[in-house]
There are 2 protein chains.
Amino acid sequence: MENVASAILLIARTEVQVTRTYGEGCPIALSLDIVGERWALLVVRELRLGPRRYRDLQEALPGITPAVLSKRLRELEEYGVLRRRELPPPAAARVYELTGWGAGLELVFQALARWGVRSPVLPLTGEVSADSVMLGLRTFFAGDGGPREPWTASYEIALGRDVYRLRVEDGRLTELARGPAATAPEVLVRTTKAAWQAVLDGAEPLDDAVAAGRLTVTGDLKALQRLVEAPQRVRTRPAPAG
Amino acid sequence: MENVASAILLIARTEVQVTRTYGEGCPIALSLDIVGERWALLVVRELRLGPRRYRDLQEALPGITPAVLSKRLRELEEYGVLRRRELPPPAAARVYELTGWGAGLELVFQALARWGVRSPVLPLTGEVSADSVMLGLRTFFAGDGGPREPWTASYEIALGRDVYRLRVEDGRLTELARGPAATAPEVLVRTTKAAWQAVLDGAEPLDDAVAAGRLTVTGDLKALQRLVEAPQRVRTRPAPAG
DNA sequence: CCGGATCCTTTCGGATACTG
DNA sequence: CAGTATCCGAAAGGATCCGG
């Protein structure tokens, strides 16, 4: 009898999948049921620029344990935020990628990022992944900040071993992806994550970084200047909010 | 010696206030350190339309326990998201209200709400507070949805005992607050939360609700028609996303 | 080496009762 | 009314192990 009870309990456990929920009809609460668990949004964040393997996610999220990562991936897949895909034999690997709906979290990330940088009490300290640095460029890219000289250019930016391709058309960032540019870009940058971030933050003028050899530019330096000046400057440590 | 060690440990525990953190320099991770804990964003949500008492929050968040609510309020106050304020003697009470920075989470809420309603797997079932219903009006209010006939009107809408005042100017929702209108509004609505939501969702035409007596209108019915048609219609249960 | 599963400990959240 | 105290189950953290 005891075994039967245990078996029933086990079945109930594995089938019903009673994830805890806020149980509200509010769409905000529903969203939080889906991506409000610890680590969930950070897992999704890591997929914003394309598919990643389990191992990539583990490395990008220092502190997450394998058990938690597996659980989040399973849940997010069930909810339709991401999907699991097996790459064909040449590069046989299992990757996770966002669904169309999952990619719709972009505005949530941008809103969170724009809000977080204005924190009056907590400082922005700690490591930032190369992906996040490049995505910060997109998040804070001008567009609301008034009229801006429109320009068009293509970029390939290497932060250490991480290479990205960008395209600006009429002053709008229309492409941002991992990997080298398909055709020869107008600007080629080779630098480190730290140096690139310093330039973006306005901590070091682009010219200085180039002169000091911390940043190597091939091609149209002026176009690069426009790019790094495009993001709206952000106060990292503003005055206390009222 | 053992007591001394315990005492030191205790002091360290209570003073350092080691809240768990993702420890990243990414502004998204920082935001989640602040409002990513369970219930935190829902507590903030309840303050979007103005100050609330502890008791109000408890009622609006069925399922939250007093201990957790207290902890969240303490943390959010420390982080500068909300502040505690004592109302003067006439209505002596302790209320919680958002700081200016805390109110900046508005875009996060709107992004989450717009995303959540498109969930391909989870349905929007459960209770919705009167506040959330009214805020949904703001979140989905047209503005991106193409050109729309601009109009101006003031409203007072009573959902049961909850009364709200609204103002639309040139087709934009410029005011939404708890409490009756200061001056006589052009439209006065008296209905229930359920009936109002049905009309907003498009489940029941406004005229039918009025005819059936589920909704009483005093004043400019045409202006009310414009208001309930303004929010972009939302699929509650859309086709599975790719 | 990749993609996890398992085990154990610690922390957090949920339920209920109780107090200034 | 505005919380705190207590107890317990669930989730997360940390380390190790396993199958392909």
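The model shown is predicted, which means the values in this text are computed figures rather than measured ones.
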Report task. From the options D:dA2, D:dG13, C:dC12, select the nucleotide whose nearest atom is closest to the side chain of B:Arg72. Result ->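 Closest nucleotide to the B:Arg72 side chain: C:dC12.
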Pairwise N/O distances under 3.5 Å, protein to nucleotides 4-6 of chain C:
unit_1, atom_1, unit_2, atom_2, d
C:dG4, OP1, A:Arg94, NH1, 3.1
C:dG4, OP2, A:Tyr96, OH, 2.5

Report task. Pull out every residue in residues 23-41 of chain B that has a heavy atom closer than 4.0 Å to any atom of DNA chain C, ordered by number, or say none. Result ->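 Heavy-atom contacts with DNA chain C come from B:Glu37, B:Arg38, B:Trp39.
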query = Can you say whether the rings of A:Trp39 and B:Tyr22 are parallel (under 30°), tilted (30 to 60°) or perpendicular (over 60°)?
reply =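 Answer is perpendicular, since the angle exceeds 60°.
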Output the rounded distance in Å from [atom1] ([X]) to [atom2] ([N]).
{"X": "A:Arg53", "N": "C:dC1", "atom1": "CZ", "atom2": "P", "answer": "13 Å"}
{"X": "A:Glu59", "N": "C:dC2", "atom1": "CD", "atom2": "C1'", "answer": "11 Å"}
{"X": "B:Leu57", "N": "D:dC1", "atom1": "CG", "atom2": "P", "answer": "13 Å"}
{"X": "A:Arg20", "N": "D:dG9", "atom1": "CZ", "atom2": "P", "answer": "17 Å"}
{"X": "A:Glu86", "N": "C:dC2", "atom1": "CD", "atom2": "P", "answer": "16 Å"}
{"X": "B:Arg85", "N": "D:dA2", "atom1": "CZ", "atom2": "P", "answer": "14 Å"}
{"X": "A:Lys71", "N": "C:dG3", "atom1": "NZ", "atom2": "C1'", "answer": "19 Å"}

Original post:
How many angstroms lie between CZ in B:Phe109 and CG in B:Leu42, if you round to the nearest 0.5 Å?
Top reply: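 That separation rounds to 7.5 Å.
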Rounded to 10°, tell me the angle between the two end axes of the helix from C:dC1-D:dG20 to C:dG20-D:dC1, each built from five pairs.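 Its terminal axes enclose an angle near 30°.
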- prompt: Does the side chain of B:Arg178 come under 3.5 Å of the side chain of B:Tyr164 through a donor N or O and an acceptor N or O?
  reply: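 Distance-only check fails for B:Arg178 and B:Tyr164.
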Ignoring hydrogens and geometry, is there a side-chain-to-backbone donor-acceptor pair from B:Trp115 to A:Pro27 under 3.5 Å?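 Judged by distance alone, no pair lies under 3.5 Å.
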